[in-house]
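Input: a single structure, listed below in structure tokens.
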Amino acid sequence: MLTVALMSAVTSYSQKERNKPLQVVVNDVRYTQKEQDTSLGSVLGGIAQAVATGRDYQSVTRHADYKDAVLNAVVSGMTKTHRVRVVDGINSTDGLTQEHDVMMDVIISNISTTSHSQAETIKDKKVTKTYYKGMIDATLHVKDVAAGEILYSPTFRVAGTEYEKHTSTEEALSSALTILRVKVRNYFNKKYPLYAKIIEGATAKKDKQKEVYIDLGSESGSYKDLHFAVYIIKTVGGKEAREQIGKLKVTEVQGEDVSLCKVQSGGKDIKAAMDAGKNVVVVTTD
């Protein structure tokens, strides 16, 4: 697999510079969900859908009071990433002086629960149970501090494909908030991964590399079981490109700027690239 990409952050900058934390300040939080539609047409439409699916009709319930909980889930997800740091203080740009610092507006367009009732047999008795599903939609407008221009706007949507077995709205929304945190964390870890280089081989067996050392340690957030994709850097049409040749997993953090990694795949290609003196770099995949 060959991917053309700008890899200057990997090949040109120091380890500390290329893994520089991104400071983010929450600038604005808005809840834009419309009021629940209780018109006769809406109710009749819901009843028709219930008849078609064989379920009892129950309307969607809005939860504007969970606005702060949604914001906290977003912030919590970002603080659990490798490189994103949320600056304390809403509506404050104090301390935002770095080149890549940004502001963020959080637009929440949906916090709701739906429910359905179904007949179940428990100890030979038929009972009716009601289950709930939590749904959240939130868009993050990430903006350049100096220019105020939007850099990117990811939307996170939490909604199961089927009703979950939550027995209360609180339980359903708690589950949705947990999923939102994970989605936010995964998005920003992918957008701002950690970069490192293979600096030395550790153990090898015949023509396969079994372990390697990378120049990423505790100072930059390395930890046991952190996963990496391994790339060789080449030039394609005058541009730097990377080709994935394997995968690594940290087995031991041995210092501020060194970790020992197990080669999970591509041991033969990794050893060949190292023996040939090629530029071998690694990028987090967690």
Side-chain angles (χ1 to χ4, degrees), residues 6 8-10 12-33 63-111 136-158 173-174 176-196 215-223 226 228 253 256-257 259 283-286:
L6 296 177
S8 59
V10 177
S12 302
Y13 297 159
S14 68
Q15 181 62 271
K16 187 174 182 179
E17 179 70 16
R18 66 179 176 247
N19 291 319
K20 184 177 180 180
L22 178 85
Q23 292 196 60
V24 178
V25 63
V26 178
N27 182 61
D28 186 25
V29 183
R30 278 174 280 164
Y31 175 72
T32 63
Q33 185 162 356
H63 297 276
D65 54 320
Y66 272 76
K67 171 186 169 183
D68 289 343
V70 171
L71 173 61
N72 290 335
V74 169
V75 171
S76 176
M78 295 177 74
T79 57
K80 295 181 184 302
T81 60
H82 300 312
R83 293 172 53 196
V84 178
R85 306 290 182 267
V86 180
V87 178
D88 290 337
I90 304 299
N91 298 320
S92 171
T93 57
D94 294 343
L96 292 182
T97 58
Q98 299 184 44
E99 179 183 355
H100 299 296
D101 287 338
V102 298
M103 298 184 297
M104 182 177 72
D105 294 340
V106 181
I107 313 301
I108 304 166
S109 57
N110 180 28
I111 312 171
I136 299 171
D137 293 341
T139 299
L140 311 183
H141 294 311
V142 183
K143 301 185 289 186
D144 176 79
V145 170
E149 297 177 350
I150 294 178
L151 302 174
Y152 46 91
S153 297
T155 294
F156 300 96
R157 181 162 294 167
V158 177
L173 287 170
S174 177
L177 290 167
T178 298
I179 295 170
L180 177 62
R181 279 192 290 270
V182 173
K183 284 178 175 283
V184 170
R185 182 197 67 195
N186 291 346
Y187 175 86
F188 282 98
N189 268 345
K190 184 175 181 180
K191 193 166 188 66
Y192 299 101
L194 291 172
Y195 298 99
D215 65 345
L216 185 81
S218 57
E219 185 177 33
S220 298
S222 180
Y223 57 86
L226 180 61
F228 294 87
V253 179
E256 291 184 352
D257 56 0
S259 292
V283 183
T284 50
T285 57
D286 294 331

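Just so it is clear, the values below take in all heavy atoms, side chains as well, and ignore hydrogens, waters and symmetry mates.
- Distance alone, capped at 3.5 Å, is enough to place a donor-acceptor pair between the Asp101 side chain and the Gln23 backbone.
- Using modelled atom types, no side-chain atom of Ser220 and backbone atom of Leu216 make a donor-acceptor pair closer than 3.5 Å.
- Leu140 has its side chain out of reach of Asp105: every pair of non-hydrogen atoms, C-beta onward, lies at least 4.5 Å apart.
- Minimum interatomic distance between Gly217 and Ser259 (heavy atoms only, all atoms of both residues): CA-OG, 3.9 Å.
- With contacts defined as side-chain heavy-atom distances shorter than 4.5 Å, the pair Leu177/Val70 qualifies.
- The backbone N or O of Leu194 sits less than 3.5 Å from a side-chain atom of Thr284, completing a donor-acceptor pair.
- Taking 4.5 Å as the limit, every side-chain heavy atom of Ile108 sits out of range of all side-chain heavy atoms of Gln33.
- In this structure, Ile111 CD1 and Tyr31 OH are separated by 5.0 Å, a value rounded to the nearest 0.5 Å.
- In the displayed structure, Arg157 atom CZ is contacted under 6.0 Å by at most 12 heavy atoms of other residues, nucleotides or ligands.
- Lys143 has its side chain out of reach of Leu151: every pair of non-hydrogen atoms, C-beta onward, lies at least 4.5 Å apart.
- With rounding to the nearest 0.5 angstrom, the NE2 atom of His141 is 11.5 Å from the CG atom of Asn27.
- Remark: the backbone N or O of Pro193 is paired with a side-chain donor or acceptor of Arg83 at under 3.5 angstrom.
- In this structure, the side-chain hydrogen bond (donor to acceptor under 3.5 Å, both in side chains) partners of Thr155, at least two apart in sequence or on a different chain, are Thr139.
- For the atom pair OG1 (Thr79) and CZ (Arg181), the distance works out to 10.0 Å, reported to the nearest 0.5 Å.
- To the nearest 0.5 Å, atoms CZ (Phe156) and CG (Asn186) are separated by 9.5 Å.
- The pair Asp65-Lys67 fails the salt-bridge criterion, with no side-chain N (NZ, NE, NH1 or NH2) lying under 4.0 Å from an Asp/Glu carboxylate O.
- A donor-acceptor contact shorter than 3.5 Å is absent between the side chain of Thr81 and the backbone of Gly77.
- Between Tyr223 and His82, the ring planes are tilted. Angles from 30° to 60° get that label.
- Looking at heavy atoms from C-beta onward, Asn19 lies in side-chain contact with Tyr195 at the 4.5 angstrom threshold.
- In this structure, Phe188 and Tyr192 have parallel ring planes: the angle between them is below the 30° cut-off, well short of the 60° mark.
- For the pair Val86/Val25, no side-chain contact is recorded, criterion being any heavy-atom separation below 4.5 Å from C-beta on.
- Contact check for Val24 versus Val84: side-chain heavy atoms found under the 4.5 Å cut-off.
- With a 4.5 Å cut-off on side-chain heavy atoms, Tyr152 and Tyr187 count as touching.
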Under the side chain to side chain contact (heavy atoms under 4.5 Å, CB included) criterion, do Leu180 and Val74 qualify, and how do the steps go? CA-CA 7 Å; Leu180 177 62; Val74 169; 4.1 Å; yes
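- Of the charged side-chain nitrogens involved, none lies within less than 4.0 Å of a carboxylate oxygen, so that Arg185 and Asp286 do not count as a salt-bridged pair.
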For Leu71 and Val26: C-alpha separation, side-chain torsions, deciding distance, then whether side chain to side chain contact (heavy atoms under 4.5 Å, CB included) applies. CA-CA 9 Å; Leu71 173 61; Val26 178; 4.2 Å; yes
